[in-house]
Amino acid sequence: MIKLMAPGMLFIFLYCLTPVAHTEEVSPDPLDSVMWKEMRRSLLGDAPVVFDDQVRVLLPGDAEDSMNVPVLVDATALGKVTRLLVFAELNPIHKVLEMEPRQSKPLIGFRIKVQQATPVRAAALTPDGQWHVGGHIVEAAGGGCTAPSLSSDNEDWASRMGEVSGRLWPGDQSTRLRMRIMHPMDTGLVSGIPAFFINRLELQDNAGDLLTRLFLYEPVSENPVITLDLPKLNVVKVQGEDNNGNPVQARILAGLSGDKK
Amino acid sequence: MMPVTQLLLFIVIMVMISPAWGAKDYGLTPKEIAPGTYVLLGQNEHFNFRNGGNIVNTGFIVTEKGVIVIDTGPSRLYGEQLRTAIGKITDQPIVKVFNTHLHPDHILGNQAFEDIQIAALPSTIEGIREQGELFNDSMYRLAGAWMAGTRVVLPTQSVNPGVVDVGGHRLRLIEMDGHSHADLVILDQTTGVLFAADVVFHGRTPTTPHADVTRWMQALDTLSSLKFKLLVPGHGHVVSDSLPIVQTREYLEWLINRLSQAAETGQTMAEVLESDAPSSIAKLAVFREEFQRSVAHLFPDIEAKALGRGRVEQD
């Protein structure tokens, strides 16, 4: 059939098949992910986007435990950041968490469940309306999102649900907070176990002023362990709830439990 | 664009250097380390498509009353090629196979010895029953086509620790734990060869997927008190001194101290992955990969304890 066409016709025919270059794309996706365009459209909208090494995403190259892949997102190099969005592109549930840093550094440590090898990305919105995107690929055997939580197999998980443990480490410029909240964080992708996860957390200072706000989604690991760098302070109030309205409420104080008050 | 000749040359070279493209051969060459005692050394690497999972040391002892095999390797193919290699050295029948512990590189060759008694410690048998299929699946992911046709074959007999005499070899079967829930160490008191299994690593970073590090260090202390002439580690070269025992202990001590210190100073898990190590530890084969795996295995518990010591009021 093609043989019969005049060469000029063939050229035009092939030319028509060549996709038109997308003018908005500033640089090609460094992770070369098939999902990137869809992620950008659905999560970042029409705002300008740039791939930026100043958004550091630290995670292992290979997930030893696909239910608990440690991640540290650090966008402090950008200066002020108004929103931080973390997503795992090839997870059945893409959105991992969202942060309004406010008084906190734009830095957060946590663990996630991954269903298969996937890019894990963080997008940081600067006040000029520009998204800065960094990320890495984690290799994984998978199954992290469709495996039941350990607590769903444990009869007394409910008695400790919402319980907070944690510590403050005062530094020169900021205070590091690390906390662990007991919660199954079920994804809803396991037959017979509905989605059940902490979806909102606010950290406040002792006077009740908002330090930072977090929105968590299903991929955050069971019994979330969260690391933040907050302003210098000695008391942090934690307030939040899960998608069933169960509250999380605690106050984390500097020092160790054995210390005299 | 690569010219056609270069491309062809590239393909020819790839075929030559990649055993996965030709007939698969682990190239097992038993080395006699003591009278009738042979070891097959694996690579000090991580599982990959080139080594086909052969990162492990297996061994066998030829006695007057038959051959005793210690561990069967990572795949059906390895087991078969091990059996062929034994047949080239002796006409004696294989009378017993030991699995030192549950890990896949030590037991997935069992299939080639299904007609023989395979013995292991009771917790090892239980562990293989529970996790064998999971291991087999992940070995396919890591070692690829070398694993073809491999299935889990459970040991058929429980090991009773103590001394047994097989064809003139007095074997002391020692039950330990720490590397896994049950680690079988075999000391041939006749030749002085100590098959230390994965309680001892030599020149390679120890692995911790089922480790209890405190128990493991105690096991190493017990091992150092044994009299032996040659030590066969689970991974790495055979030696006549206790250097690999010291090396394994040094690594475990460093590992547990590093993780505790990280948890006490507020490091997040992803930061811990980047930890620096002294050169004597960083130079161990596959250090970074195995250390990062160990962070996944061990850090969450250590961290939970450290966070549990904080001052928190539940409102």
Side-chain angles (χ1 to χ4, degrees), chain A residues 56-66 68-74 107-111 139-143 162-171 175-180 221 223 225-229 235-239 247-259 261, chain B residues 46-49 104 131 133-144 205 207-211 259 261-275 286-315:
Chain A
R56 225 158 55 95
V57 177
L58 209 62
L59 46 74
D62 202 285
E64 176 65 10
D65 175 0
S66 52
N68 281 291
V69 180
V71 183
L72 175 70
V73 173
D74 180 357
L107 172 150
I108 182 164
F110 52 94
R111 301 205 263 274
E139 300 290 337
E163 187 183 300
V164 177
S165 58
R167 270 163 79 170
L168 299 178
W169 283 269
T175 298
R176 172 154 286 197
L177 163 82
R178 301 203 70 218
M179 63 175 173
R180 179 174 187 246
S221 297
N223 302 332
V225 178
I226 290 170
T227 305
L228 295 165
D229 281 346
V235 182
V236 175
K237 282 184 173 175
V238 184
Q239 283 207 327
V248 176
Q249 275 188 325
R251 282 172 1 121
I252 303 175
L253 296 84
L256 296 174
S257 53
D259 294 350
K261 291 192 180 169
Chain B
H46 198 38
F47 302 122
N48 63 41
F49 280 45
Q131 302 190 54
E133 289 303 335
L134 208 68
F135 292 155
N136 200 14
D137 287 353
S138 68
M139 284 298 292
Y140 265 94
R141 185 172 75 89
L142 297 167
T205 314
T207 63
T208 59
H210 300 94
L259 299 186
Q261 188 219 5
E264 286 300 328
T265 54
Q267 277 193 296
T268 192
M269 191 161 156
E271 289 169 326
V272 183
L273 298 173
E274 311 284 302
S275 298
V286 292
F287 164 71
R288 186 58 61 184
E289 295 94 318
E290 287 299 353
F291 170 66
Q292 294 200 346
R293 292 181 68 211
S294 291
V295 173
H297 305 147
L298 305 172
F299 192 66
D301 280 352
I302 294 174
E303 171 189 79
K305 285 201 187 85
L307 295 180
R309 303 199 313 119
R311 284 172 67 198
V312 178
E313 293 166 0
Q314 315 287 338
D315 290 341

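Every chain is numbered from 1, with letters handed out A, B, ... down the list of sequences. Predicted model only: the values in this text are computed from it and were never measured.
- Interface summary for chain A: among B/Pro209, B/Gly308, B/Ala306, the most heavy-atom pairs under 4.5 angstrom belong to B/Ala306.
- Taking the charged nitrogens against the carboxylate oxygens, A/Glu139 and B/Arg141 have no contact shorter than 4.0 Å, which rules out a salt bridge.
- With A/Trp169 contributing its side chain and B/Gln267 its backbone, the two residues share no donor-acceptor pair below 3.5 Å.
- Remark: of the listed residues B/Arg288, B/Gln292, B/Met269, B/Glu289, B/Gln292 is the sole one forming a side-chain contact (heavy atoms from CB on, under 4.5 Å) with A/Pro60.
- No part of A/Asn223 comes within reach of chain B, as not one of its non-hydrogen atoms sits under 4.5 angstrom from that chain.
- At a 4.5 Å heavy-atom cutoff, the contact between B/Gln314 and chain A is made by backbone and side-chain atoms alike.
- Between the A/Arg178 side chain and the B/Leu307 main chain, no donor and acceptor come within less than 3.5 Å of each other.
- In plain terms, the two heavy atoms of A/Arg111 and B/Pro300 that are nearest each other are NH2-CB, 3.9 Å.
- Between B/Glu271 and A/Arg176 there is a salt bridge, since a side-chain N of the basic residue sits under 4.0 Å from a carboxylate O of the acidic one.
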### Query
Checking side chain to side chain contact (heavy atoms under 4.5 Å, CB included) for the pair A/Leu253/B/Glu313: CA distance, chi angles, key distance, verdict?
CA-CA 8 Å; A/Leu253 296 84; B/Glu313 293 166 0; 4.0 Å; yes

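- Taking NE2 from B/His297 and CG from A/Asn68, the interatomic distance works out to 11.5 Å, rounded to the nearest 0.5 Å.
- Side chain of A/Thr227 to main chain of B/Thr268: no donor-acceptor pair is present (N/O by atom type, distance under 3.5 Å, no hydrogens or angles).
- The parts of A/Ile252 that come within reach of chain B are both its backbone and its side chain, each placing non-hydrogen atoms under 4.5 angstrom from that chain.
- Using a distance-only test at 3.5 Å, with no hydrogens or angles considered, a donor-acceptor pair links the side chain of B/Arg311 to the main chain of A/Ala254.
- Note on A/Ser165, A/Gly162, A/Gly61: by heavy-atom pairs under 4.5 Å with chain B, the leading option is A/Ser165.
- Both the backbone and the side chain of A/Glu163 have a heavy atom closer than 4.5 Å to some heavy atom of chain B.
- Within the 4.5 Å cutoff, the side chain of A/Val225 has heavy atoms near those of the B/Glu303 side chain.
- Both the backbone and the side chain of B/Ala270 come within contact range of chain A, each with at least one heavy atom under 4.5 Å from a heavy atom of that chain.
- With a 4.5 Å cut-off on side-chain heavy atoms, A/Glu64 and B/Ser294 do not count as touching.
- Of the two parts of A/Val164, the backbone and the side chain both hold a non-hydrogen atom closer than 4.5 Å to a non-hydrogen atom of chain B.
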